[in-house]
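For reference, the structure is listed below as structure tokens.
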Amino acid sequence: MKRRIFLGLLGLYFGLPLLAALLYSVATRWTDTPLPDGYTLDHWLGVFGKPDVTSALLRSLLLSAVVVVVDTLLVVPAAYWSVVHNPRIGSVVQTIAVIPFAVPWVVIGAGLQLVTASFAPDLFGTFWLLAAATAAIAFPFMYWAVEGSLIAAGAVRLSEAAATCGAGPVQTLVRVIFPAIRGGVVSGALLVVATAMNEFALAKILVGAKFETLPIWSARQFVSRTLGDPNALAVVTIFTFGLLFALSALVVHLGRGRVSTIGRTLR
């Protein structure tokens with residue numbers, strides 16, 4: 001009973017703001033009444049027809065895709081080497097993974113801004129600097145997901161079996177290990193996408209209006225009293241949440257089947 005009450009309160013805590021945003025996204029007018037005075041779908045039908053909204057969304061999706069590719073290419077081989085060939089460096093990597101949480105991202109962005117402005121002015125204020133910085137702060141999510149999958153899949157045993165069959169390290173990683181940890185990679189990629197889609201501080205400091213992502217657009221709508229569109233902001237908020245929720249559900253579905261397959265393989 002206590003568990004149900006706790007879960008109910010937790011659901012209200014997280015669900016009420018989303019419900020309010022959903023109602024506001026379809027409200028014609030909402031002033032001093034508990035519910036909107038009327039409802040319409042015009043905000044949903046018109047918001048993605050605005051060039052600034054679609055451009056910001058496409059920029060955020062591009063940033064997320066690039067960051068996922070960078071983190072996957074860097075983290076998967078590093079995690080594999082750490083778990084299978086050199087477990088002693090695992091503590092070092094874990095320490096490095098904590099840095100993005102120990103140092104405020106605003107400080108990281110300001111530091112990168114000062115360094116690139118002095119030593120790499122061509123990189124200053126570019127999309128690639130933003131992508132590199134976002135990949136750096138998001139890599140712990142990918143690393144922890146991949147490391148957990150490597151351990152759960154028995155990567156050491158799989159590597160030894162592959163080596164017995166004559167496979168080299170690269171062949172083992174690509175053809176044996178990666179299929180076994182695909183669920184972990186997808187889970188890590190989802191967390192990386194969520195970080196890249198919602199990161200505001202780095203984007204604001206490093207590129208600003210030159211590469212307006214969805215969080216920067218949302219902030220502009222929130223602070224502008226004359227040009228802001230709160231209904232459009234609510235639509236974009238619910239749309240982003242729905243997109244990430246759908247991706248999460250897909251990951252859970254794929255991961256459930258993947259765990260069963262790995263379990264049958266190990267047995």
Side-chain angles (χ1 to χ4, degrees), residues 60-101 128 130-163 165 167-199 202 240-267:
S60 292
L61 292 175
L62 174 63
L63 176 64
S64 301
V66 171
V67 171
V68 165
V69 171
V70 171
D71 276 343
T72 301
L73 293 177
L74 292 179
V75 169
V76 173
Y80 168 71
W81 188 263
S82 171
V83 171
V84 176
H85 295 287
N86 194 354
R88 290 179 298 177
I89 68 173
S91 58
V92 177
V93 179
Q94 290 287 356
T95 302
I96 296 174
V98 175
I99 293 177
F101 301 96
W128 298 109
L130 175 61
T134 308
I137 65 171
F139 101 91
F141 302 113
M142 176 67 77
Y143 178 81
W144 289 328
V146 171
E147 183 188 44
S149 293
L150 285 168
I151 296 173
V156 175
R157 283 170 46 190
L158 292 175
S159 298
E160 292 173 351
C165 296
V170 176
Q171 189 177 15
T172 300
L173 177 61
V174 174
R175 303 188 62 179
V176 178
I177 299 298
F178 190 83
I181 64 171
R182 186 165 51 198
V185 174
V186 174
S187 299
L190 173 63
L191 295 174
V192 171
V193 168
T195 302
M197 285 285 292
N198 294 288
E199 173 50 33
L202 287 179
T240 305
F241 172 79
L243 176 63
L244 294 177
F245 183 83
L247 291 175
S248 301
L250 179 62
V251 168
V252 171
H253 176 72
L254 295 176
R256 184 179 302 168
R258 196 64 197 166
V259 169
S260 301
T261 302
I262 292 174
R264 290 194 298 268
T265 302
L266 292 178
R267 286 196 297 268

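Values below: every heavy atom of this structure, side chains too, minus hydrogens, waters and symmetry copies.
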Qualifying residues under side-chain hydrogen bond (donor to acceptor under 3.5 Å, both in side chains), relative to Ser159, sequence neighbours excluded:
Tyr80
Not counting sequence neighbours, which residues clear side-chain contact (heavy atoms from CB on, under 4.5 Å) with Ala162? List them please.
Ala167, Thr172, Val176
Just to verify, what does Ile89 make a side-chain contact (heavy atoms from CB on, under 4.5 Å) with, not counting sequence neighbours?
Trp81, Ser82, Asn86
Non-hydrogen side-chain atoms of Thr195 and Phe141 separated by less than 4.5 Å:
yes
Heavy-atom check, side chain of Met197 versus side chain of Leu61, under 4.5 Å:
yes
Pairwise side-chain hydrogen bond (donor to acceptor under 3.5 Å, both in side chains) hits with a residue in residues 63-78, at least two apart:
none
Looking at every non-hydrogen atom in both residues, tell me the closest pair between Pro140 and Ala97 and how far apart they are.
CG-O, 3.2 Å
Compare every heavy atom of Ala196 with every heavy atom of Leu63, then report the nearest pair and how far apart it is.
CD2-O, 3.9 Å
May I have the step-by-step check of side chain to side chain contact (heavy atoms under 4.5 Å, CB included) for Thr134 and Val70, ending in yes or no?
CA-CA 10 Å; Thr134 308; Val70 171; over 6 Å; no
Measure across Ala78 and Leu74 and return the closest heavy-atom pair with its distance rounded to 0.1 Å.
CB-O, 3.4 Å
Distance col, row Ser187:OG vs Leu247:CG, nearest 0.5 angstrom, shows 11.5 Å
Got a sec, which residues hit side-chain contact (heavy atoms from CB on, under 4.5 Å) with Pro77, two or more places apart in sequence or on another chain?
Leu173
Let me know which of Leu158, Val83, Val76 forms a side-chain contact (heavy atoms from CB on, under 4.5 Å) with Ile181.
Val76
Give me the one residue out of Leu202, Val192, Ile99, Val67 that meets side-chain contact (heavy atoms from CB on, under 4.5 Å) with Ile137.
Leu202
Separation of Gln171 CD from Ile177 CD1 (nearest 0.5 Å)
12.0 Å
Under the criterion side chain to side chain contact (heavy atoms under 4.5 Å, CB included), I'd like the reasoning laid out for Val68 against Val193: C-alpha separation, chi angles, the key distance, then a yes or no.
CA-CA 7 Å; Val68 165; Val193 168; 3.5 Å; yes
Sequence neighbours excluded, which residues qualify as side-chain hydrogen bond (donor to acceptor under 3.5 Å, both in side chains) partners of Gln94?
Trp144, Glu147
